[in-house]
Peer 1: 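Here's a structure for you.
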Amino acid sequence: MARILRVALPVPLYTCYDYLPPPGPAPAGAGRGCRVRVPFGRGRRVGVVVGTGDHTGVPRHKLRRAQAWLDPAPLLDEPLLSLLEWAAGYYHHPLGEVLDAALPTLLRQGEPAEWRAREHWFITAQGRETDPSELKRAVRQAQLLARLQAAGERGLDAAELAEIPGQARRAARALADRGLAVSEQRANPELLEGEGCEPRPEPLPEQQAVLDRLQAAGDGFQPILLEGVTGSGKTEVYLRATEQALAAGRQVLLLVPEIGLTPQLLHRFRRRLAVPMAVFHSGLNDRERLDAWLAAREGRARVVIGTRSAVFAPLPEPGLILVDEEHDTSFKQQDGFRYSARDLAVMRARRLGVPVLLGTATPSLESLQNALSGRYAHLHLRHRAGGAAMPSFRVLDVRGRPLREGLSPALQEAMATHLAADGQVLLFLNRRGFAPTLLCHECGWVAECRRCDARYTWHRRAGRLRCHHCGDERPVPRACPDCGSVDLRAVGQGTERVERALAELYPQVPVLRIDRDSTRRRGALDALLAEAGRPGPRILLGTQMLAKGHHFPDVTLVGVLDADHGLYGADFRALERMAQLLIQVAGRAGRAERPGEVLIQTHHPEHPLLHTLLGQGYDAFARAHLEERRAAGLPPFAAMALLRAEAVQAGQARGFLQAAAERARALTGSEAGGVMVLGPVPAPMERRAGRYRAQLLLQAGRRAALHRLLERWVPGLSELPAARQARWSLDVDPQDMF
DNA sequence: AGCACGCCGACT
DNA sequence: GTCGGCGTGCTC
C-alpha cells in the first residue's frame with residue numbers, strides 16, 4: 001500500500017487532505033475510490049480516497065493516520081469518480097461536497113456498502129382464520145391483519161410496512177404476540193421487476209430513424225436531441241432504445257423530472273420490460289435508496305430510473321442514457337452543489353462513449369443550439385400517434401374586458417360550449433392560494449411578509465396569510481393594522497378563488513383543483529388524477545403541476561388564465577419558459593377524435609413571439625428567440641456564472657461581492673480577458689427569509705475564458721475578509737437569476 | 001462547515 | 001471576580 005492517501009472530505013473546502021494509511025494490512029482492493037474513516041480536527045469524518053502516493057507536502061507532525069478502510073474495494077469506479085472530479089472542476093465546487101451529493105446518505109455516514117437483511121412479515125395459519133373485526137379496539141392491528149391476509153404467501157417487506165400509516169411495525173409485533181403473524185429475515189430485498197407483458201407496437205418510420213441512429217452509434221458517444229410533440233411516441237422510442245441496449249447486455253439510465261409527476265412513464269417501463277429496475281425517487285427512505293444504489297452498482301438493476309441525482313447512479317455496464325423532458329428546470333440543482341443533471345448526463349455519456357438521448361416537445365434553447373450547430377443529432381417525431389391533430393390556439397385579448405375572477409366572457413363562453421358537448425375543461429393558473437395580495441381599501445396597506453420583500457398570499461380556506469418565498473405564516477388580521485378599517489380586500493386571483501367562482505358559474509359541473517395545497521396529503525394527487533380520468537364534464541383547475549406528465553384525453557378545452565407574467569418577466573429566460581409551458585399545457589389536451597382548443601388570455605395580444613409561437617409553432621418561436629439571444633449576446637451564445645451572496649445586513653452581502661468583483665476585474669485585466677464582471681446588484685427580491693441578497697454576474701463569449709477566470713478566482717473568495725459576514729455560493733450556468 | 005482559541009460586558 | 005458574546009484561524 002502506498003504511504004500517503006489523498007482524501008476528499010465532506011467539508012466546503014477546496015483542498016483535499018493527506019493521511020497515512022489505516023493501521024494493519026490494507027484490503028486487497030484498497031485505494032482510489034474507497035471510503036476511509038479519518039480523524040479531522042477534533043472529530044471524525046468519512047472521506048473518499050482520490051489519490052495515493054509516496055509523497056506529501058504536508059509536514060510530518062501534521063500528518064495523521066486514517067482510522068479504517070470502509071470499503072474492501074472501490075465504492076466508486078474510475079469512470080464515475082473521474083466524472084465527479086470533472087464536475088467539481090466545472091462547477092468550481094469542493095470535491096468532497098460533490099462526492100457527498102453523489103452518494104446515498106447511509107454511505108456518507110460510513111455504513112457498509114452491502115445489502116442488509118430485512119424483516120419480512122407473513123400471516124400465520126391462525127391469522128388466516130381470524131376475522132380482523134375480532135381485534136375490535138386495536139384498529140391498527142386489524143388493518144394490518146387484513147393487509148397481511150390480502151398479501152398471502154408474498155407477505156409484506158419492511159418497505160411496504162413502512163408505507164402503512166401509523167406505527168405499522170409495532171402493530172406487526174403485536175400481531176406476532178397473538179400468534180397471528182410471523183416475521184423472517186430476508187437477505188436480498190427484491191428489486192422492482194418489470195412485467196414485460198405489454199405488446200410492442202411496430203415502430204413508425206420516424207421512430208425507427210432514432211433507433212437506427214442509436215444502433216449506428218454502437219459503442220460511441222452520440223448525443224441526440226429528439227424533438228417530438230406530446231403523443232408522438234417518445235416513450236415508445238425510449239422503450240425500444242432501452243430494449244436495444246438491454247439486448248446488448250448493457251444498463252440503461254433514464255432521468256426524469258420530478259418522478260412523482262410522471263407515474264405514467266414509470267408504469268409503461270414496468271409493464272413493458274421484463275428486467276429488474278431500480279427507481280430513485282423522493283419517497284425512498286435511506287435504506288431503500290442505498291438498496292437501489294447497490295442494485296445499480298452490482299449490475300443487478302438493468303434499468304435505473306430517477307430524478308436529478310440519479311445521474312450519479314453507478315453503472316458498471318452502461319449502454320445508454322435517456323433524459324426525458326430535457327428542458328425541465330428541475331434538472332438543475334438550486335442550492336449547494338448547483339449542477340445540471342442534463343448537462344452532466346451528456347458529459348457522462350461522452351466520457352463513457354455511449355449515446356445519450358434528450359427528449360422533449362419543447363427543447364431548451366441550449367440543446368436546440370447544440371442541435372442546430374451540429375454538435376447533437378437532431379431528430380423529430382412530427383406526427384401524433386393515431387393521427388391526432390394538434391390543438392388549435394387562440395389568443396384572447398382581455399384588455400378592457402370585464403373579467404369575472406380572471407375569466408373573460410369569451411373564455412366563459414367557450415367553456416360553456418365545451419362542457420355542454422360533454423368535454424372537459426382544463427384551466428391553468430400558476431398561482432395558488434385565494435389571492436396574492438390582501439389590501440386595506442381604506443388606507444392602502446398591504447399585507448407584506450415580515451422577512452421578505454414580498455406580499456403574503458391569502459389562503460382563505462386555511463384562514464392564513466402565507467409567504468410563498470420563506471414559508472412564514474400568520475393569521476389573517478380582522479382589521480387593518482394601520483388604520484383599523486375592517487374593509488380588507490383580496491386583490492388578484494389564485495386557484496382557490498377561481499375554484500369558488502367556477503362553483504358559482506357552473507354549479508352542476510365538478511371542479512377539481514390540483515395544486516400543492518390540494519395535493520399535500522399523501523395519495524391526494526393520485527385520487528384527484530383518477531377522478532380527472534373519469535369521463536363526463538368536469539373542470540380541472542391547477543398550477544404548474546398540471547402541465548407536467550399527465551395526459552387528460554377527455555380535455556377538449558385548455559384555458560391559460562394569465563399569460564402576461566411570462567411575456568415581460570425580469571429573467572431573460574422568462575419567455576422561453578412561457579413558451580415551453582404553453583406548449584406543454586396544450587399537450588395535455590385532446591385525442592384523435594376530439595382535437596383540443598387552447599385559449600390564452602393576455603393583455604399583450606400583439607407580442608411578436610406569442611404570434612410566432614401560436615402561428616408557426618415552438619420550433620419557429622425557438623429559432624426566432626435564439627436569434628434575439630445571439631444578438632443580445634446571451635446564453636446559449638454566452639457563458640455565465642452568478643456569484644450570489646446573502647447576509648443579515650444589506651451592506652454585508654454587497655460588500656463581499658464588491659471585494660470579489662474587484663478581484664475578478666484585476667484578474668480579467670491580466671490573465672483572463674474577455675470576461676465581463678457585472679455588478680454587484682441587489683437580487684430581484686433583495687430581502688428573503690430575513691436575509692439580504694445580492695449577486696454578481698460574470699459573462700463571457702467563450703466558456704473557456706470564463707473558466708480560466710473562475711479557476712483563479714473562486715478558491716480565493718473564502719479568504720476575503722468580507723466573506724466572513726456573508727454566505728455565498730457560485731452558480732455556473734445559472735437557470736434563474738434569482 | 002464545525003470547533004477551538006481569545007479578548008471584552010452583565011451576572012451567580 | 002466568572003460566564004459567555006462572536007471575531008479569527010485551522011482542520012492533513
Side-chain angles (χ1 to χ4, degrees), chain A residues 1-24 26 30-71 81 84-85 87-88 91-110 333-339 643-656 658-660 663 689-693 714-731:
Chain A
M1 193 62 224
R3 292 204 294 266
I4 300 293
L5 308 179
R6 169 142 294 181
V7 180
L9 292 167
V11 286
L13 301 168
Y14 286 92
T15 40
C16 287
Y17 287 82
D18 289 347
Y19 287 89
L20 298 167
R32 179 172 150 89
C34 291
R35 291 171 302 159
V36 281
R37 191 181 297 282
V38 296
F40 187 69
R42 69 190 312 280
R44 310 172 342 146
R45 297 290 160 111
V46 174
V48 174
V49 175
V50 294
T52 57
D54 291 322
H55 302 284
T56 174
V58 178
R60 252 241 160 60
H61 67 277
K62 281 191 163 181
L63 207 57
R64 296 168 81 180
R65 190 169 287 284
Q67 290 168 329
W69 291 100
L70 296 178
D71 297 302
L81 183 53
L84 293 167
E85 286 173 328
Y91 291 104
H92 299 274
H93 200 80
L95 178 59
E97 292 204 326
V98 171
L99 288 161
D100 230 34
L103 289 174
T105 312
L106 290 176
L107 294 179
R108 295 199 309 252
Q109 293 168 353
Q333 170 102 10
Q334 291 296 4
D335 54 74
F337 171 36
R338 295 172 181 258
Y339 63 96
L643 184 66
R644 303 161 201 270
E646 56 171 60
V648 185
Q649 289 167 39
Q652 292 172 326
R654 252 194 120 112
F656 164 68
Q658 192 58 53
R663 267 209 168 187
R691 303 178 73 89
Y692 290 86
R693 311 176 311 144
V714 179
L717 289 177
S718 42
E719 277 135 50
L720 291 173
R724 294 193 186 290
Q725 287 98 275
R727 192 186 296 168
W728 61 272
S729 71
L730 181 75
D731 191 348

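Numbers restart at 1 for each chain; the letters A, B, ... are given by sequence-line order, proteins then strands. Please read all numbers here as calculations on a predicted model, not as lab measurements.
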Peer 1: To the nearest Å, give me how far apart NE2 (A:H93) and C1' (B:dA1) are.
Peer 2: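 Taking atom C1' of B:dA1 as the reference, NE2 of A:H93 is at 11 Å.
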
Peer 1: Is the shortest side-chain heavy-atom distance between A:W69 and A:V49 below 4.5 Å?
Peer 2: yes

Peer 1: So, does A:R37 use its side chain to make a donor-acceptor pair with the main chain of A:Q67 at under 3.5 Å?
Peer 2: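 Not at all, since once roles are kept as given, no pair shorter than 3.5 Å links the two residues.
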
Peer 1: Of all the heavy-atom pairs spanning A:W728 and A:S718, show the shortest one and how long it is.
Peer 2: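 That closest heavy-atom pairing would be CZ2-N, 3.9 Å.
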
Peer 1: Minimum heavy-atom separation for A:L717 to A:A723, with atom names?
Peer 2: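 Looks like O-CB, 3.5 Å.
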
Peer 1: For residues A:F40 and A:L9, determine if any side-chain heavy atom of one lies less than 4.5 Å from a side-chain heavy atom of the other.
Peer 2: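 Yes, at least one pair of side-chain atoms sits under 4.5 Å.
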
Peer 1: Pick out the pairs of N or O atoms, protein on one side and nucleotides 4-9 of chain B on the other, that lie under 3.5 Å.
Peer 2:
unit_1	atom_1	unit_2	atom_2	d
B:dA4	OP1	A:R42	NE	2.5
B:dA4	OP1	A:R42	NH1	3.0
B:dA4	OP1	A:R42	NH2	3.4

Peer 1: Could you pull out all residues at least two apart from A:V58 that satisfy side chain to side chain contact (heavy atoms under 4.5 Å, CB included)?
Peer 2: A:D18, A:T56, A:K62, A:L63

Peer 1: Using a 4.5 Å cut-off on heavy atoms from C-beta on, say whether the side chain of A:Y339 contacts that of A:V98.
Peer 2: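 Side chain of A:V98 against side chain of A:Y339, heavy atoms only: no contact under 4.5 Å found.
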
Peer 1: Would you tabulate the pairs of protein nitrogen or oxygen atoms and nucleotide nitrogen or oxygen atoms of nucleotides 9-12 of chain C closer than 3.5 angstrom?
Peer 2:
unit_1	atom_1	unit_2	atom_2	d
C:dT11	OP1	A:K62	NZ	3.0
C:dT11	O3'	A:G41	N	3.1
C:dC12	OP1	A:Y19	OH	3.3
C:dC12	OP1	A:P39	O	3.3
C:dC12	OP2	A:R64	NH1	2.5
C:dC12	O3'	A:D18	O	2.5
C:dC12	O3'	A:R64	N	2.9
C:dC12	O2	A:D18	N	2.9

Peer 1: Might you point out which heavy atoms bring A:A30 and A:C34 nearest each other, and give the distance in Å?
Peer 2: CA-SG, 3.9 Å

